[in-house]
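Chain naming here is simple, since letters A, B, ... match the order of the sequence lines and numbering starts at 1 in each.
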Amino acid sequence: MNIPSKFDASKFEKKWYQYYLDHHLFDSDVDENKKAYTIVIPPPNVTGALHMGHMLNNTLQDILIRRARLLGYNACWVPGTDHASIATEAKVVQWLEDKGIKKSSLTREEFVDYAWQWTKKYGGQILNQLQKIGCSCDWRRTKFTLDESMSESVIDVFIDLYNKGFIYKGYRMVHWDPQAQTTLSDEEVNHQEINGKLYYVNYAIKDTLGHLTIATTRPETILGDTAICVHPEDQRYISLIGKTAIVPIAKREIPIISDAYVDKAFGTGCLKVTPAHDSNDKELGEKHQLEFIDIFNSDGTLNEFGLHYKDQDRFVVRKKIVEELSTLGHLHKVENYKTNVGKSERTNAIIEPRLSEQWFLKMEELAKPALKAVVNNEIKLYPKKFLNTYKHWMENIKDWNISRQLWWGHQIPVYYYGKNKKDYVVAKTKEKALEKARAISQNPDLKITDLVQDPDVLDTWFSSWLWPISVFDGIRHPNNSEINYYYPTKDLVTGPDILFFWVARMIVSGYEFRNEKPFQNIFLTGLVRDHLGRKMAKQLGNSPDPIELIQTYGADGVRVGLMLSTSAGNDLLFDTKLCQQGKNFANKIWNAFRLIKSWPIDSELSPRDAQIQGLKWFDHRLSQAIETIDQLFNRYRISDALMCLYKLVWEDFCSWLLEIVKPTYGQSISINVYDQVIEDFEKLMVLLHPFMPFITDEINDHLKENAKPLIHAKWPKSHQHNSEILELFGFIKQLVTGFRHFRKQNQLPFVKPLKVYQIQPSFDEKKSSDYLTFFNACIEKMEHLNMIVGEPPTSQGKTISIQTYRYFIPMESKQKISKKKLIGDSIEEVSQYLSDLKNQVSSEKDKTQLEKMSHEFLRLNHFLASLNKKLNNQNFINKAPGQIIQKEKSKAADTKIKIQQLIQDIRNF
RNA sequence: GGGUACUUAGCUCAGUUGGUUUAGAGCGCUUGGUUUACACCCAAGAGGUCAGGGGUUCGAAUCCCUUAGUACCCACCA
């Protein structure tokens with residue numbers, strides 16, 4: 001067989017992924033003879049493009065699911081996407097605008113139609129991208145939250161919860177996004193500190209010449225004021241309580257009330273109360289039965305209560321009203337003031353607290369079992385540190401605002417039949433609604449056209465909270481065989497940012513609709529940041545394109561790079577250097593494979609001592625590592641498990657075992673040894689397969705005749721390992737290192753055999769003669785030793801010893817290393833060499849090539865010189881000079897390597 | 001403002017209920033090397049008062065107090 005010297009990642013990725021698909025290797029069906037191991041994907045937004053966060057948590061899921069398959073589970077990974085109502089609707093609106101179509105000019109049906117067109121055209125690419133990183137989902141099961149079965153489940157659940165009395169309609173102070181014209185949940189609002197102003201405004205007191213002064217950051221809202229409030233014990237104002245103040249401009253009379261809520265120390269101690277536009281004021285308003293005046297339209301302009309400011313934007317009005325107050329002499333003073341404003345996560349518009357009629361889900365009762373399950377460790381959280389956060393949130397849970405003023409999503413199954421909005425029925429279809437409405441209203445003449453469905457859609461999370469159940473159709477058919485088999489799922493892998501949005505709510509729904517947890521383990525990953533610790537964001541341009549990364553480093557390389565850096569729950573600082581490390585690892589494995597396959601096999605040959613002993617040691621080492629890896633997996637220490645494997649392969653297998661076992665050039669290897677090496681290598685491929693599916697399958701395919709794909713291989717088992725053998729080999733390593741150190745210190749060339757006297761252990765060790773064979777066999781092989789047993793003839797030399805084993809190296813072995821001159825030591829010499837060479841070659845092509853090399857050589861040298869100068873001066877900026885110097889040094893090292901490579905090229909020329 | 005974490009080598013992090021750890025790993029760094037798998041490499045090596053201070057203990061990176069800094073979550077003051 002012809003093995004290419006480099007591993008061509010993209011070629012093999014394509015080949016193997018297609019193979020997996022063609023042979024349905026990812027598919028899972030109910031099989032009562034096997035245990036199920038289920039993961040449901042956190043459905044990415046259908047609009048989404050793969051980013052590093054997806055990459056991270058999907059790679060983790062793939063590793064878990066692939067390992068589960070190897071362990072013999074019936075592993076099922078269900079993929080899918082989320083309709084993401086706000087995000088998608090925003091994109092569709094933009095898309096239509098680009099086409100010159102305004103949303104307002106469309107009917108609901110037309111818009112939804114466009115949205116589907118858009119979704120079908122651009123949506124779901126993310127699933128294709130997941131295939132590129134090797135995700136082994138059962139693609140037949142792909143779900144979308146707006147699929148018919150999924151939608152029906154959502155509606156059923158709404159009706160069920162409504163009938164149980166958990167859903168109610170209420171007026172609430174909600175976060176209103178005037179740009180998207182929808183309410184937002186608390187979680188969709190980001191608070192940001194901005195430099196604002198605090199305006200002090202005088203309000204006249206009726207029937208007196210006096211006034212009082214309030215402080216506000218939002219002077220435009222005074223038009224909605226319905227009271228002034230002071231602290232009941234504030235001596236400055238105690239006499240004013242019960243009197244009437246007059247709102248400037250609006251000239252409306254409002255009461256002066258008192259409440260302990262007011263902070264005497266803030267501003268002037270007087271608070272203007274605007275119940276319709278501030279949640280605290282709303283509470284005061286309800287408590288003191290104040291009037292609620294809403295002064296805004298839905299787009300953030302003022303309505304008729306805005307008087308002459310009607311139809312102007314809130315921020316324009318703020319400026320104008322300040323001017324007017326000033327002109328009228330009501331403006332006392334203006335201070336600079338830092339204040340927090342809420343901004344919409346989606347549109348970044350400043351949100352407006354607004355009183356609005358919304359649908360709510362009562363959470364307190366529903367949350368109880370979900371809280372208990374996590375606290376009792378029935379559902380395990382990795383890492384544990386999120387437990388407190390979870391607990392705190394669930395204990396103080398607020399009702400869930402589930403309605404959204406959008407068109408893209410599940411329309412609320414509420415039908416109004418009267419003129420009064422209080423006359424409604426909840427039903428699955430319009431026909432059923434009509435039946436119900438006729439019965440309730442006792443009006444048999446009601447026609448279907450009299451029914452008006454509530455225009456709102458449900459919050460996106462109101463569909464995804466059912467995800468682990470609804471993907472198996474467990475809402476509509478609670479006893480179907482799939483849900484009974486696959487539910488509860490095993491692991492949920494997601495980011496901590498949606499712990500409350502999604503994870504907590506899934507637990508709630510799991511207990512409510514299945515009376516059981518939705519998953520056993522929650523693995524929360526960290527956020528992916530760049531190497532400076534900044535969040536990855538489009539605006540910063542610090543987010544690498546995962547697909548490009550895969551092209552550069554290979555899917556296996558990128559997976560390894562990501563996994564090496566992800567300790568559970570901590571944010572990971574991503575650097576493409578890590579992917580390079582992953583790629584190097586793949587290269588290393590590939591070369592080990594090439595080496596093994598290059599050995600001529602001899603079936604007559606009997607194994608050498610060192611080979612037998614080396615393989616014996618590796619067997620125990622492997623077993624020990626498997627045990628460690630299993631334990632690490634059980635604790636979800638994925639990156640540690642990978643590191644353990646990395647060292648097992650690179651150090652133990654490649655640097656020690658293969659070096660001991662490999663035959664000298666041109667010689668053959670005993671078939672018994674070869675077979676054992678292949679068997680060990682196969683086991684390594686299985687262990688690595690969850691992390692690096694492509695390269696391991698490619699290699700495994702060539703290890704034996706009729707090799708089967710690794711996807712359903714058996715995860716190797718650890719056995720009782722002999723710690724004495726492991727310890728003994730530890731001694732060997734130390735000895736070998738000692739010899740090498742000796743060589744280096746005395747500048748002895750590695751290839752020259754070293755004469756070594758072995759001094760017998762002077763005491764009785766029952767196993768010592770066995771051990772000596774082992775020792776000497778391995779060490780001789782590794783270090784080109786001429787081993788002599790017995791006392792050394794002279795005391796001139798050095799003794800290396802480990803415990804009781806002592807070796808003596810006489811000094812006469814010493815020999816200076818002859819430094820090979822590459823081409824020349826100086827720039828001049830190299831340049832001279834190059835120009836001589838140029839005169840010798842005849843073809844123009846060679847000449848230009850040499851010209852280029854010469855140029856490149858000078859350029860690199862120049863660059864190196866300037867770096868060195870810079871380093872010696874060290875005139876760097878004060879902050880973190882260490883870092884900068886490090887960086888410069890590594891540049892210098894890079895350049896040196898490049899020069900070396902260049903000289904190599906010249907030599908080969 | 002309330003809460004939860006965190007601070008260990010140049011960088012990113014391990015360090016399990018105080019006791020085999022002389023505080024580890026990977027990367028990076030330094031030095032040497034073409035040895036017929038691999039320079040995407042090999043080999044050897046140098047790096048740490050465990051944020052500062054105090055305490056408990058025979059013994060502290062680990063427990064307590066304190067100071068400083070960082071991150072995240074919750075709430076939001078007109």
Side-chain angles (χ1 to χ4, degrees), chain A residues 3 5-7 186 191 198-199 214-218 221 229 261-263 265-274 278-281 337 339-342 383 385-393 396 496-497 499-500 526-527 531 533 553 557 564-567 569-575 577-578 580-599 635 637 639-640 642-644 646-647 650 654-655 658-659 662 664-666 736-738 740-745 747 749-751 784 817 819-820 822 880 882-883 885-887 889-890 893 897 900-901 904:
Chain A
I3 301 168
S5 65
K6 295 277 178 228
F7 177 70
D186 291 351
H191 288 275
L198 191 58
Y199 303 90
I214 58 92
T216 180
T217 53
R218 303 197 52 193
T221 62
C229 190
Y261 164 75
V262 178
D263 178 359
F266 188 91
T268 59
C270 296
L271 172 69
K272 74 183 203 57
V273 185
T274 323
D278 182 284
S279 56
N280 292 307
D281 290 13
Y337 183 70
T339 183
N340 280 317
V341 296
K385 66 176 178 184
F386 289 105
L387 181 64
N388 279 327
T389 328
Y390 180 84
K391 220 175 119 182
H392 186 259
W393 195 75
N396 300 288
D497 48 333
L499 182 59
F500 305 130
L527 293 171
H531 65 109
Y553 301 103
L564 281 177
S565 57
T566 167
S567 55
N570 288 341
D571 287 358
L572 75 94
L573 307 190
F574 180 79
D575 197 327
K577 268 200 289 192
L578 290 161
Q580 184 61 50
Q581 197 183 342
K583 191 184 174 186
N584 293 354
F585 186 42
N587 179 58
K588 184 73 186 176
I589 298 167
W590 186 249
N591 279 299
F593 165 62
R594 284 175 59 216
L595 173 68
I596 295 169
K597 291 305 273 189
S598 76
W599 293 334
R635 293 166 57 207
R637 307 281 294 228
S639 104
D640 293 341
L642 176 57
M643 185 43 75
C644 182
Y646 180 88
K647 286 194 279 191
W650 202 306
C654 292
S655 294
L658 291 186
E659 291 301 329
K662 88 175 170 194
T664 35
Y665 183 64
V736 167
T737 303
R740 287 170 181 170
H741 190 51
F742 176 84
R743 276 199 147 104
K744 169 129 178 161
Q745 276 184 331
Q747 292 185 290
F750 183 73
V751 273
H784 306 271
I817 282 181
K819 264 196 178 175
K820 248 189 233 171
L822 282 174
Q883 262 186 14
I885 291 171
Q886 271 319 321
K887 230 176 167 178
K889 276 190 177 167
S890 82
I897 290 171
Q900 277 171 16
Q901 279 169 355
Q904 180 73 46

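- Contact check, A:Y646 against B:rC27: a side-chain N or O comes under 4.0 Å of OP1 or OP2.
- Following rounding to the nearest Å, A:L578 (CG) and B:rG28 (P) show an atom-to-atom distance of 10 Å.
- Distance, A:L595 CG to B:rC40 P: 18 Å, rounded to whole Å.
- Pairing each heavy atom of A:D281 with each of A:K272, the nearest pair is OD2-O, 3.4 Å.
- Residue contacts shown for A:S598 are absent, as no nucleic acid heavy atom lies under 4.0 Å away.
- Mapped onto RNA chain B by nearest heavy atom, A:A586 and A:L198 fall at different nucleotides, with A:A586 at the one closer to the 5' end.
- A distance of 10.5 Å separates CG in A:D575 from CD in A:Q581, rounded to the nearest 0.5 Å.
- Here, B:rG47 and B:rC58 have their C1' atoms 32 Å apart, quoted to the whole Å.
- Residue A:L271 is classed as a base contact, given a heavy-atom separation below 4.0 Å to a base.
- For B:rG59, the base is anti relative to its sugar; the glycosidic angle deviates from 0 by more than 90°.
- Using a 4.0 Å heavy-atom criterion, one finds that A:K647 contacts the sugar-phosphate atoms exclusively.
- Nucleic acid contact class of A:D263 (heavy atoms, under 4.0 Å, all strands): base.
- In this structure, A:K6 atom NZ and B:rA37 atom C1' are separated by 10 Å, rounded to whole Å.
- Only the P atoms considered, B:rA9 is 12 Å distant from B:rA14, to the nearest whole Å.
- Taking CG of A:L564 as the reference point, atom CG of A:D640 lies at 10.0 Å (rounded to 0.5 Å).
- Rounded to the nearest 0.5 Å, atoms CG (A:L658) and CG (A:N591) are 11.0 Å apart.
- We find the OG1-CZ distance between A:T274 and A:R218 to be 8.5 Å, quoted to the nearest 0.5 Å.
- Checked against B:rC74, B:rC40, B:rC77, the side chain of A:D278 finds its nearest nucleotide in B:rC77.
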- If pairs are Watson-Crick or G-U with both distances under 3.5 Å, what is the dot-bracket string of RNA chain B, marking crossing pairs with [ ] and pairs to another strand with |? (((((((..((((.....[....)))).(((((.......))))).....(((((..]....))))))))))))....
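- In this structure, the ring of A:F593 has its center less than 6.0 angstrom from the ring center of A:W590.
- Comparing the P positions of B:rG10 and B:rG32 gives an interatomic distance of 23 Å, to the nearest angstrom.
- Atom CD1 in A:I3 sits about 13 Å away from atom P in B:rC38, given to the nearest Å.
- Atom name P, nucleotides B:rA44 and B:rC27: the rounded distance is 14 Å, in whole Å.
- Looking only at side-chain heavy atoms (C-beta outward), A:C229 and A:Y261 stay at 4.5 Å or farther from each other.
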- Message: Assess the residue pair A:F266 and A:L271 against the criterion (side-chain contact (heavy atoms from CB on, under 4.5 Å)); give the C-alpha distance rounded to whole Å, side-chain angles, the decisive distance to 0.1 Å, and a yes or no.
- Response: CA-CA 9 Å; A:F266 188 91; A:L271 172 69; over 6 Å; no
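- If you take CZ of A:R594 and P of B:rC38, they are 6 Å apart, rounded to a whole angstrom.
- Across the C1' atoms, B:rG28 and B:rG45 are found 14 Å apart, a figure rounded to whole Å.
- If you find the closest nucleotide of RNA chain B to A:G269 and to A:W599, the one lying nearer the 5' end belongs to A:W599.
- Annotation: B:rG26 and B:rC74 have their C1' atoms spaced 37 Å apart (nearest Å).
- Among the heavy atoms of the strands lying under 4.0 Å from A:N280 are primed sugar atoms or P, OP1, OP2 only; no base atom is included.
- Rounding to the nearest 0.5 angstrom, the gap separating the OG atom in A:S655 from the NZ atom in A:K588 is 5.5 Å.
- Atom pair A:Q581:CD and B:rG28:P shows a separation of 7 Å (rounding to whole Å applied).
- In this structure, A:L658 places its CG atom 15 Å from C1' of B:rU35, rounding to the nearest Å.
- B:rU70 sits 41 Å from B:rC40 when the P atoms are compared, rounded to a whole Å.
- Between the C1' atom of B:rG32 and the CZ atom of A:R743 lies a distance of 13 Å, rounded to the nearest Å.
- Rounded to a whole angstrom, the distance from the C1' atom of B:rG54 to that of B:rU22 is 27 Å.
- How far CD of A:Q580 is from CG of A:N587: 9.5 Å, rounded to the nearest 0.5 Å.
- Ring planes of A:Y646 and A:F585: tilted class, angle from 30 to 60°.
- At the heavy-atom level, A:V273 lies nowhere under 4.0 Å from the strands shown.
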For nucleotides 41-47 of chain B, which of its nitrogen or oxygen atoms have a protein nitrogen or oxygen under 3.5 Å away, and what is each distance?
residue : atom : partner : partner atom : Å
B:rC41  : O3'  : A:K588  : NZ           : 3.3
B:rC42  : OP1  : A:K588  : NZ           : 2.9
B:rC42  : OP1  : A:W650  : NE1          : 2.5
B:rA44  : OP1  : A:T737  : OG1          : 3.4
B:rA44  : O3'  : A:H741  : ND1          : 3.3
B:rA44  : O2'  : A:H741  : ND1          : 3.0

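- Using a 4.0 Å heavy-atom criterion, one finds that A:N396 contacts no nucleic acid atom at all.
- Two residues are said to be in side-chain contact when any heavy atoms from C-beta on lie closer than 4.5 Å; A:K662 and A:W599 meet this criterion.
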